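Notes for the one structure printed next.
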Amino acid sequence: HAGQAQKELFHNEALALIDMLLHGRAESADDSAPPSSPAAGQCWIVATGASGVWAGREGELALWTPGGWRFVAPGEGMALWVADRGHAMHHDGTGWHDGALRADGLYHEGVRVVGARETAIDDPVGGAVIDEEARTGIAAILAAMRAHGLINPS
């Protein structure tokens, strides 16, 4: 290969790809057109409906380098922090998905299952009829929820 005489070209290309894959940060996963003035080293996950030089690269990683755009197809298990979403996304081998842990809570299959803590819940007290078993059960549930940080301590 004639270009192998200039090993620095292959070395620099390899360093650019390493930077993209090990940096672990994308600017966005919602852009389908390249930005007008990207900075060297910035990376994007190309969104559906890609246009311009990104056309046909949906789902790939696009890295801007001084030599132009570099693209890499993601592999299963790849994860990147996506700056404009404020959480990680991972690739399952077929597509990109939002991570489970986000700023506003913990998600399972896209549904928030744990959010911010609510105000403290008092232990059961008072009442004309006292059911010790019910009160003990409620107290145990509240203790477990407090221990896991799901509700504030009273």
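Along the sequence shown, residues are numbered consecutively beginning with 1. All figures in this text were calculated on a predicted structure; none of them were measured in a lab.
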Rounded distance (nearest 0.5 Å) linking atom [atom1] of [X] with atom [atom2] of [Y]:
X     : Y     : atom1 : atom2 : value
Leu61 : Cys43 : CG    : SG    : 4.5 Å
Ser32 : Glu58 : OG    : CD    : 8.5 Å
His91 : Met78 : NE2   : CE    : 8.5 Å

Checklist entry - Who are the side chain to side chain donor-acceptor pair (under 3.5 Å) partners of Thr94, not counting sequence neighbours? => result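 With sequence neighbours excluded, Thr94 shows a side chain to side chain donor-acceptor pair (under 3.5 Å) to Asp92, given in chain and number order.
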(Q) Determine whether a donor-acceptor pair (N or O, by modelled atom type, separation under 3.5 Å) exists between the side chain of Arg112 and the backbone of Asp104. (A) yes
Expected output: side-chain Gln42 to main-chain Ala39 donor-acceptor under 3.5 Å
yes
Out of curiosity, does Tyr107 fall in the hydrophobic cluster containing Met89 (side-chain heavy atoms, cut-off under 4.5 Å, transitive links)?
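No; Tyr107 is not reachable from Met89 via cluster members.
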| request: Flag the pair His87 / Val82 as yes when at least one side-chain heavy-atom distance between them is below 4.5 Å, and no otherwise. | output: no
I'd like to check Trp96 versus Leu80 (side-chain heavy atoms, cut-off strictly below 4.5 Å). Are they in contact?
yes
Across all chains, not counting sequence neighbours, the ring-ring contact (aromatic ring centres under 6.0 Å, His included) partners of Trp81 are none
Q) Between Pro66 and Ala40, what is the shortest heavy-atom contact and its length? A)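 Closest approach of Pro66 to Ala40: CD-CB, 4.0 Å.
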Nearest heavy-atom contact between Ala29 and Asp84 is N-OD1, 4.2 Å
How are the rings of Trp44 and Trp69 set relative to one another: parallel (under 30°), tilted (30 to 60°) or perpendicular (over 60°)? perpendicular
### Message
Tell me whether the rings of His97 and His90 are parallel (<30°), tilted (30 to 60°) or perpendicular (>60°).
### Response
tilted
Side chains of residues 132-142: which donor-acceptor pairs under 3.5 Å do they make with residues two or more places apart or in other chains?
from	atom 1	to	atom 2	distance (Å)
Arg135	NH2	Gly126	O	2.8
Thr136	OG1	Glu132	O	2.7

Which is it for Phe71 and Leu63 under the side-chain contact (heavy atoms from CB on, under 4.5 Å) test, yes or no, and what are the steps along the way?
CA-CA 6 Å; Phe71 298 94; Leu63 172 73; over 6 Å; no
